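Below is one structure; the comments refer to it alone.
Remember, predicted model here, so these are calculated numbers, not experimental data.
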Amino acid sequence: MSFLLALIFSLSSNLDNFVIGLSYGVKNERIPLTANGIIAFITAFITFISMLGGKLVTQLIPNYVSNELGSAIFILMGSWFIGSDLLKKKKQQKKQRTALNFKGAVMLGLLLSINNIGVGILGSITHLDITLVVTLTFITGMFLTYAGNHIGHSVIGNIVGKYNDLISGSLLIILGILSLLFKF
């Protein structure tokens, strides 16, 4: 069960990578393997740091409280994502014709890792295995960016891109419920 929770965690925090890859694919621009690796490394590293911070938080509050609190926050965060997805209006995205270089990959990695800070702290509070989460965050980050970039302007790519917050929010709610049901 620990692997499944870590996988759901990694997928929910890296779903934006798919959308970024998709946006590059739609423009027929490829994200090189090195740039993809840089992005995945940064998100995994930020997840690692935030989970270490979460470990400090767990030392301040009792174990039985931290799991329930973290699970409730996962559910609330997932509900927030779903609510904001349902309320948001269509945004027009600017189309930029830029190649993804080292600096762009670092900036993109930092921007994509913003989600991972709060979610990483919560993952640690709910006692997810740090090594497993960081490893899966790197792997899913690489895979989702690659998949999005290669799917490009397909029907499934448009659906996932359009409902990114809804899917991510649903995964967080599932993670919160599973964290409540199964103690680590």
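- Among all heavy-atom pairs drawn from Ile173 and Ile75, the shortest one is CG1-O, 3.6 Å.
- A distance of 9.5 Å separates CG of Leu144 from OG of Ser13, quoted to the nearest 0.5 Å.
- Residues satisfying the side-chain contact (heavy atoms from CB on, under 4.5 Å) test with Thr135, not counting sequence neighbours, are Thr131, Ile139.
- Heavy-atom minimum distance, Phe3 versus Leu132: CA-CD2, 3.7 Å.
- By the side-chain hydrogen bond (donor to acceptor under 3.5 Å, both in side chains) test, Thr140 is found to be paired with Asn14, residues two or more places apart in sequence or in another chain being considered.
- Going from atom NZ of Lys55 over to atom CE of Met51 covers 7.5 Å, rounded to the nearest 0.5 Å.
- Looking at every heavy atom in both residues, Gly21 comes nearest to Ile31 through CA-CD1, 3.9 Å.
- Atoms CG and CD1, on Leu56 and Ile121 in that order, are 9.5 Å from each other to the nearest 0.5 Å.
- Taking Phe138 as the reference, Ala40, Phe41, Ala44, Met142 meet the side-chain contact (heavy atoms from CB on, under 4.5 Å) condition, with sequence neighbours excluded.
- With sequence neighbours left out, Phe48 forms a ring pair (Phe, Tyr, Trp, His ring centres under 6.0 Å) with no residue at all.
- Shortest non-hydrogen contact noted between Asn36 and Gly141 is OD1-O, 3.9 Å.
- Hydrophobic clustering keeps Tyr146 apart from Phe18 (ILVMFWY residues linked when any side-chain heavy atoms are closer than 4.5 Å, directly or through intermediates).
- Taking CG of Asn17 as the reference point, atom CZ of Phe143 lies at 12.0 Å (rounded to 0.5 Å).
- Remark: the backbone N or O of Ile39 is paired with a side-chain donor or acceptor of Thr43 at under 3.5 angstrom.
- Here the straight-line distance linking atom CE of Met107 with atom CD1 of Ile42 works out to 9.5 Å at 0.5 Å rounding.
- Taking 4.5 Å as the limit, some side-chain heavy atom of Thr137 sits within range of a side-chain heavy atom of Phe9.
- Inter-residue side-chain proximity for Leu15 and Leu11 is flagged as unmet; no heavy-atom pair is nearer than 4.5 Å.
- At a threshold of 4.5 Å between non-hydrogen side-chain atoms, the residues Val106 and Leu110 count as touching.
- For Thr47, the side-chain hydrogen bond (donor to acceptor under 3.5 Å, both in side chains) partners two or more places apart in sequence, or in a different chain, are Asn116.
- Between Leu52 and Ser124 the shortest side-chain heavy-atom distance does not fall below 4.5 Å.
- Residues His150 and Arg30 approach most closely at CA-NH1, 4.1 Å, considering heavy atoms.
- The line from CD1 of Ile49 to CD1 of Ile130 is 10.0 Å long, rounded to the nearest 0.5 Å.
- By the side-chain hydrogen bond (donor to acceptor under 3.5 Å, both in side chains) test, Ser113 pairs with no residue at all, sequence neighbours left out.
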